[in-house]
Amino acid sequence: MTGALFEITFYLAAPFWLLMIFTPTWSGTARVAASPLTVLPVLAVYTVLAVPVFPELWTAVSSPDIGTFRDLTALAGGAGAVWAQVIAWDLLLGQWMYLQSRKLGLSPLLMGPLLVLTILLSPFGLLIFLAVRTIRLRRREPLAA
C-alpha cells in the first residue's frame with residue numbers, strides 16, 4: 001500500500017499544475033489556485049504514511065541531524081511521507097507563484113516553463129521566479145521626483 005500511496009501522491013497534485021500551466025488565463029484557474037484546499041488530498045496521503053512512522057518522524061524533526069533523517073527516509077512510510085510533504089508544499093508554492101504572475105502581468109509563456117521547473121526542482125524555480133518578480137516590481141515603481 002505504501003508504494004501505491006507514494007505513486008498516487010503526485011497525481012493528486014497534477015491536475016492543479018496542469019490548470020496553471022495550460023489554462024493560465026481561464027478564470028477558473030485563478031479561483032482554484034487561490035484555494036489552499038488543493039493540497040488536502042496530498043495531505044491525506046501524508047497523514048496515512050506519516051502516522052505509522054510518527055516516532056521516527058518526530059525524532060527526525062525535533063532533533064534534526066542527517067542520521068535521523070536518513071533513518072526516517074530508509075522506511076518506506078518515512079520516504080513516502082517526506083515525498084507527500086514536498087508535493088504539498090511545492091503545490092502551494094506553485095499556486096503562489098501563479099497568482100503573483102497574474103497580478104504582475106507576467107506572460108504565461110514565461111510562467112509555464114517556470115512552473116514546470118518548480119514541479120521538478122522547486123528551489124531553482126522559486127529563485128528564478130523571485131528574480132523575475134523583483135525585476136517586474138522595480139520596473140513598476142514610479143521614479144522618485
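In this chain, residues are counted from 1 in sequence order. These figures come from a predicted structure and were not determined experimentally.
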For this session: Examine the side chains of T59 and T68 and answer whether a donor and an acceptor come within less than 3.5 Å of each other.
Result: no

Problem set entry | Connected via hydrophobic side-chain network under 4.5 Å: L106 and L109 | no

Exercise. Any idea which heavy atoms bring P113 and P108 closest together, and the distance?
Worked result: CD-O, 4.4 Å

Problem set entry | Student check: side-chain heavy atoms of K103 and L99 closer than 4.5 Å | no

Exercise. Between I119, V86, T118, V39, which is the residue that forms a side chain to side chain contact (heavy atoms under 4.5 Å, CB included) with L91?
Worked result: V39

Exercise. When clusters are formed by joining ILVMFWY residues with side-chain heavy atoms under 4.5 Å apart, either directly or through shared neighbours, do L72 and F6 land in the same one?
Worked result: no

For this session: State which residues pass side chain to side chain contact (heavy atoms under 4.5 Å, CB included) with L18; sequence neighbours excluded, sorted by chain then number.
Result: F22

For this session: Nearest 0.5 Å please: distance from the OG1 atom of T73 over to the CD1 atom of I66.
Result: 8.0 Å

Exercise. Taking all non-hydrogen atoms of both residues, which atom of M111 and which atom of M97 are closest, and how far apart?
Worked result: CE-O, 3.9 Å

For this session: Look up atom CZ in R133 and atom OG in S101, then write down how far apart they are to the nearest 0.5 Å.
Result: 11.0 Å

For this session: To the nearest 0.5 angstrom, please state how far the OG1 atom of T47 sits from the CG atom of L43.
Result: 6.5 Å

Problem set entry | Partner of L40 by side chain to side chain contact (heavy atoms under 4.5 Å, CB included), out of V42, T38, L37 | L37

Problem set entry | Euclidean distance, L75 CG relative to L49 CG, rounded to 0.5 Å | 11.5 Å

For this session: Return yes when atom CH2 of W83 has more than 12 non-hydrogen atoms of other residues, nucleotides or ligands closer than 6.0 Å, and no otherwise.
Result: no

Problem set entry | Between CZ on residue R139 and OG1 on residue T134, distance to nearest 0.5 Å | 12.0 Å

Problem set entry | Heavy-atom side-chain contact between S122 and W89 under 4.5 Å | no

Exercise. What about I135 and L130, same hydrophobic cluster or not, with Ile/Leu/Val/Met/Phe/Trp/Tyr joined at side-chain heavy-atom distances under 4.5 Å?
Worked result: no

Exercise. Is there side-chain contact between F129 and F124, with at least one heavy-atom pair below 4.5 Å?
Worked result: no

Problem set entry | Side-chain donor or acceptor of T9 paired with backbone N/O of L5 under 3.5 Å | yes

For this session: Answer yes or no: is there a donor N or O on one side and an acceptor on the other, between the side chain of Q85 and the main chain of Y46, under 3.5 Å?
Result: no

Problem set entry | hydrophobic_cluster_shared for L115 and L120, side chain cutoff 4.5 Å | yes

Exercise. Taking all non-hydrogen atoms of both residues, which atom of A34 and which atom of P36 are closest, and how far apart?
Worked result: O-CD, 3.6 Å

Seminar exercise, completed: Applying ring-ring contact (aromatic ring centres under 6.0 Å, His included) to Y98 and not counting sequence neighbours gives none

Problem set entry | CG/L127: more than 12 non-hydrogen atoms of other groups inside 6.0 Å | yes

Exercise. Can you hop from V82 to V61 via hydrophobic side chains spaced under 4.5 Å?
Worked result: yes

Exercise. Out of curiosity, I87 CD1 to W17 CH2, how far, rounded to the nearest 0.5 Å?
Worked result: 8.5 Å

Problem set entry | For the student: nearest non-hydrogen atoms of R102 and T25, plus distance | NH2-CG2, 3.4 Å

Exercise. What heavy-atom pair brings A33 and M20 nearest, and what distance separates the two atoms?
Worked result: CB-SD, 4.2 Å

Seminar exercise, completed: Taking every heavy atom of V45 against every heavy atom of I8, the minimum-distance pair comes out as CG2-CG2, 4.4 Å

